[in-house]
There are 2 protein chains.
Amino acid sequence: MIEFRPDLPKYEQLAAEIRRRISDGVYQPGAPIPGEPRLAEEFHIARRTARKAIELLIKAGDVYTARSIGTFVSQPPQETPGSTAE
Amino acid sequence: MIEFRPDLPKYEQLAAEIRRRISDGVYQPGAPIPGEPRLAEEFHIARRTARKAIELLIKAGDVYTARSIGTFVSQPPQETPGSTAE
DNA sequence: AGATATTTGTTCGTATGTATC
DNA sequence: GGATACATACGAACAAATATC
């Protein structure tokens, strides 16, 4: 039985969704994103799978986690060093 | 790429390597060996393959595993039953 | 001080699907 | 078809750090 797999793994889909929410300002820099148990529940996936999505985001520098505290959106790198930013 | 099998399966090779390390005292009786994720990473194999190697060692009595905890080197059987052992 | 709950971090145990030999 | 091997995924449990009561 031929079985293509047009969709990405769940953990990649979740990582993309979280990135989308960061881009949209739903999750703002410095603010926490939902915890692993919450994400697992919301997306109907295992906690370990939610964690794998977060691990992708950590490696990419999009978020950082503080153990026992939570996961937070990284501060975006200053892109216009000549402007009023400080 | 034609691949005869001059070598054993990876999981047997890994099992042999772990046995070697036990013999050499790198992994000592009662002490833990690296977990499946660690072995998979170190030897560049899938976690499932690392597990198969450990399963061989378990069947042989070389190690034992405690779920969610880790895998440990078995205590060697007393070989001189006539001595102070009881 | 002690106990409890929460959250990240990690592990073993298991199953499924895919691919190759 | 079976054996090997990989990636994905769920489940359960343990561990450590933190916060709260």
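Heavy-atom basis, side chains included; hydrogens, waters and symmetry copies ignored. This is a predicted model, so every value here is computed, not measured. To find a chain, count down the sequence lines: A is the first, B the second, and so on, and within it residues start at 1.
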*Given salt bridge (charged side-chain N to carboxylate O under 4.0 Å, His left out), test A:Arg38 with A:Glu41 step by step and report yes or no.*
CA-CA 5 Å; A:Arg38 279 293 303 268; A:Glu41 197 176 334; 5.5 Å; no
*Can you list the steps and then say if A:Leu39 with A:Ile18 is a side-chain contact (heavy atoms from CB on, under 4.5 Å)?*
CA-CA 10 Å; A:Leu39 291 173; A:Ile18 294 175; 4.1 Å; yes
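Using a 4.0 Å cut-off on heavy atoms, the residues of residues 35-51 of chain B that approach DNA chain C are B:Gly35, B:Glu36, B:Pro37, B:Arg47, B:Arg51, listed by number. Residues from residues 61-70 of chain B that place a heavy atom under 4.0 Å from any atom of DNA chain D, listed by number: B:Arg67, B:Ser68, B:Ile69.
One finds the CG atom of B:Leu14 at 5.0 Å from the CZ atom of B:Phe43 (value rounded to the nearest 0.5 Å).
For CD of A:Glu42, the number of neighbouring non-hydrogen atoms (other residues, nucleotides, ligands) closer than 6.0 Å is greater than 12.
Between A:Arg67 and A:Glu36 there is no salt bridge, since none of the side-chain N atoms of the basic residue sits less than 4.0 Å from a carboxylate O of the acidic one. In summary, A:Arg51 and A:Glu55 engage in a salt bridge, as defined by a charged side-chain N under 4.0 Å from a carboxylate O.
An angle of 10°, rounded to 10°, separates the two end axes of the helix from C:dG2-D:dC21 to C:dC21-D:dG2, each defined over five pairs.
No side-chain heavy atom of A:Gln28 sits under 4.5 Å from any side-chain heavy atom of A:Val73. Residues A:Ser74 and A:Asp62 have side chains not in contact (no heavy-atom distance under 4.5 Å, counting atoms from C-beta outward). Residues A:Tyr27 and A:Pro32 are not in side-chain contact: their nearest non-hydrogen atoms beyond the backbone lie 4.5 Å or more apart.
In this structure, B:Asp7 places its CG atom 13 Å from P of D:dT4, rounding to the nearest Å. Separating the CG atom of B:Leu8 from the P atom of D:dT4 is a distance of 11 Å, rounded to the nearest angstrom.
A close approach under 4.0 Å does occur between a side-chain nitrogen or oxygen of A:Tyr11 and OP1 or OP2 of D:dT8. Between A:Lys52 and D:dA7 there is no side-chain polar atom (N or O) within less than 4.0 angstrom of OP1 or OP2.
Proximity of a side-chain donor or acceptor of A:Ser23 to a complementary backbone N or O of A:Arg19 within less than 3.5 Å is detected.
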